[in-house]
Amino acid sequence: MSETVHLALPFILPAQAQKHVTHNAGLVAVDTLLHLAVKDRDLATPPVTPAEGDRYIVATSPTGGWTGHAGEIAAFEDGAWSFHAPREGWRAYVEDEGRLLVHRSGDWADVGTLVSE
């Protein structure tokens, strides 16, 4: 096993060269995913001038640099997009809507609608 079960954080392996690279990648993933807040969930195309650390839930039918990542978390880190596939139960606050979502059955759902079920 080369990564953690829930967040897929990389393990530092015995006799691994440049351990700091693996450790730093894990720190970046924790910084991105812990207490997750995203800017928007309705964009299918990456913003032209994202700020370092901006995060989005990629909308349906993505294009450009987000192609193939619908529903995933897109994070702008070190000048490039990285993607994180959400797992069951992940929560994300959507800043432009003021809503809390939970990932359930392969999709993002508003927590308010789940409470009323």
Completion exercise
Correct closest heavy-atom pair for Ala44 and Ser61 would be CB-O, 3.7 Å

Completion exercise
What one should report as the nearest heavy-atom pair of Gly68 and Pro62 is N-CG, 3.9 Å

Problem - Separation between CZ of Phe83 and NE2 of His69, rounded to the nearest 0.5 Å - result: 4.0 Å

Problem - Atom CD of Glu52: over 12 foreign heavy atoms under 6.0 Å - result: yes

Handout entry: Contacts of type salt bridge (Lys or Arg N to Asp or Glu O under 4.0 Å), residue Asp40, not counting sequence neighbours
Key = none

Practice task
Keeping the roles fixed (side chain from Trp108, backbone from Gly71), state whether a donor-acceptor pair exists under 3.5 Å.
Solution key: yes

Exercise for the section: Taking Glu88 for its side chain and Ser105 for its backbone only, find out whether a donor-acceptor pair lies under 3.5 Å. Expected result: yes

Problem - Backbone of Ala85 reached by a side-chain donor or acceptor of Arg87 within 3.5 Å - result: no

Practice task
For Thr60 and Ala70, work out which heavy atoms get closest and say how close.
Solution key: CA-CB, 4.3 Å

Handout entry: Closest heavy-atom pair and its distance - Trp66, Val58
Key = CE3-CG1, 3.8 Å

Practice task
Tell me, please, which residues at least two apart from Asp42 pass side chain to side chain donor-acceptor pair (under 3.5 Å).
Solution key: none

Completion exercise
d(Leu36 CG, His103 NE2) to nearest 0.5 Å is 11.5 Å

Exercise for the section: Determine whether Arg91 and Leu101 make a side-chain contact, defined as any pair of heavy atoms from C-beta on separated by less than 4.5 Å. Expected result: no

Handout entry: Arg41 (side chain) donor-acceptor with Val94 (main chain) under 3.5 angstrom
Key = no

Exercise for the section: Output the distance between atom CG (Asp110) and atom CZ (Arg104), rounded to the nearest 0.5 Å. Expected result: 12.0 Å

Problem - Distance in Å, Asp96 CG paired with Leu43 CG, rounded so as to fall on 0.5 Å steps - result: 8.0 Å

Handout entry: Glu97 side, atom CD; Lys39 side, atom NZ - distance, nearest 0.5 Å
Key = 13.5 Å

Problem - Sub-4.5 Å side-chain heavy-atom contact between Ile73 and Ile57 - result: yes

Exercise for the section: Write down the atom of Gly98, the atom of Tyr93, and the distance for their closest heavy-atom approach. Expected result: CA-OH, 3.3 Å

Problem - Side-chain touch Trp81/Pro50, heavy atoms, less than 4.5 angstrom - result: yes

Problem - Student check: side-chain heavy atoms of Tyr56 and Pro47 closer than 4.5 Å - result: yes

